[in-house]
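Following: one structure in structure tokens, then a few remarks.
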Amino acid sequence: MKVGVVVNGARLDVDCHPSTLLVHLLREELELTGTHVGCDTSSCGACTVILDGVAVKSCTVLAGQADGREIETVEGLADRGRLSPVQQAFADNFALQCGFCTSGFLMAATAFLRQNPEPSEPEVRKALEGNLCRCTGYQNIVDAILSVSAPSEQ
């Protein structure tokens with residue numbers, strides 16, 4: 001089947017099998033390997049992308065369901081080589097270790113902050129409950145997101 005998507009601002013038409021998962025379309029067909037396959041069961045969140053403005057686990061979406069829609073991946077966060085504020089906050093707050101889960105957290109946090117630009121700590125924790133990290137404590141991840149959302153007078 002032919003799937004037409006906008007990925008990180010670029011319009012693309014891709015041939016794929018009807019049962020292809022969005023995560024595999026991104027990684028294997030489009031070579032956007034920042035989106036990771038962690039569990040294939042929607043438990044870990046490593047495959048999180050933004051689909052029409054909403055964070056989704058791309059291992060639960062068929063590529064055909066993305067036809068005509070807009071997808072943002074971690075590769076689209078940086079602007080001309082400059083890290084997005086969320087990416088920079090993760091680096092500044094030591095919110096990553098091995099990096100396997102990081103792209104999923106970045107995408108979930110980006111979508112969340114667009115909807116709630118000044119969240120409380122409990123709201124951040126609730127927004128990230130579908131993403132797992134096996135290496136680091138979550139406090140640095142929460143701190144990173146809160147540092148981006150902090151009011152400008154601080």
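Owing to the predicted nature of the structure, the values given are computational and were not obtained by experimental measurement. Each residue takes its place number in the sequence, starting with 1.
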request  = Decide yes or no for V86 and L113: does some side-chain heavy atom of the first lie under 4.5 Å from some side-chain heavy atom of the second?
outcome  = yes
key: Short side-chain to backbone donor-acceptor contact, N116 and F112, under 3.5 Å   = no
Heavy-atom check, side chain of E121 versus side chain of L146, under 4.5 Å = yes
query = Are M107 and L26 linked, directly or through other ILVMFWY residues, by side chains that come within less than 4.5 angstrom of each other?
reply = no
remark   = Separation between CZ (F90) and CG (N140), nearest 0.5 Å, reads 10.0 Å
ask   = Is it the case that one hydrophobic cluster holds both L96 and V124, taking links as side-chain heavy atoms less than 4.5 Å apart, direct or via other members?
value = yes
key: Pairwise side-chain contact, Q87 with L106, heavy-atom cut-off 4.5 Å (strictly under)   = yes
V7-M1 co-clustered via ILVMFWY side chain contacts under 4.5 Å = yes
message = I'd like to know if the side chain of K57 reaches the main chain of S42, judged simply by a donor and an acceptor atom lying under 3.5 Å from each other, with no hydrogens or angles considered.
response = yes
message = Measuring only between side-chain heavy atoms, which start at C-beta, is T110 closer than 4.5 Å to I50?
response = yes
message = Can you tell me how the ring of H36 sits relative to the ring of F100, calling it parallel under 30°, perpendicular over 60° and tilted otherwise?
response = parallel
inquiry  = What I want to find out is whether R125 reaches E129 closely enough, with some N-O distance under 4.0 Å, to be called a salt bridge.
reply    = no
ask   = Is S103 reaching over with its side chain to a backbone N or O of V74, donor-acceptor style, under 3.5 angstrom?
value = no
Within 6.0 Å of CZ in R11, more than 12 heavy atoms from elsewhere = yes
key: Step-by-step side-chain contact (heavy atoms from CB on, under 4.5 Å) determination, Y138 to L132   = CA-CA 9 Å; Y138 291 91; L132 300 176; 4.0 Å; yes
task = Answer with yes or no whether the hydrophobic clustering places I141 together with V148; edges join I, L, V, M, F, W, Y residues whose side-chain heavy atoms lie under 4.5 Å apart.
result = yes
key: Donor-acceptor contact below 3.5 Å, side chain D67 vs main chain V3   = no
C16 side, atom SG; E28 side, atom CD - distance, nearest 0.5 Å = 11.0 Å
query = Quick one: are C39 and C44 in side-chain contact, heavy atoms under 4.5 Å?
reply = yes
request  = Test D13 against K2 for salt bridge (charged side-chain N to carboxylate O under 4.0 Å, His left out), laying out the working first.
outcome  = CA-CA 7 Å; D13 292 308; K2 180 78 82 180; over 6 Å; no
ask   = With side chains defined as the heavy atoms from C-beta onward, is the minimum distance between E70 and V5 less than 4.5 Å?
value = no
task = Work out which heavy atom in R27 is nearest to a heavy atom in V37; give both atom names and the distance.
result = CD-CG2, 3.7 Å
ask   = Passes side-chain contact (heavy atoms from CB on, under 4.5 Å), T20 versus L62? Steps please.
value = CA-CA 6 Å; T20 300; L62 293 173; over 6 Å; no
task = Mind checking side chain to side chain donor-acceptor pair (under 3.5 Å) for E75 and listing every partner two or more places apart, or none if nothing turns up?
result = T73
query = If you measure from the Lys or Arg side-chain nitrogens to the Asp or Glu carboxylate oxygens, is any gap between K126 and E123 under 4.0 Å?
reply = no
remark   = For S58 and V49 the tightest heavy-atom approach is CB-CG2, 4.0 Å
From SG (C101) to CG (N131), nearest 0.5 Å = 8.0 Å
inquiry  = Tell me whether R82 contacts the main-chain N or O of A78 through its side chain, where contact means a donor paired with an acceptor under 3.5 Å.
reply    = no
request  = Look up atom CG in D92 and atom CG in D143, then write down how far apart they are to the nearest 0.5 Å.
outcome  = 12.0 Å
message = Test of understanding: clusters of I, L, V, M, F, W, Y form through side-chain heavy atoms closer than 4.5 Å, transitively. Do V61 and V54 belong to the same one?
response = yes
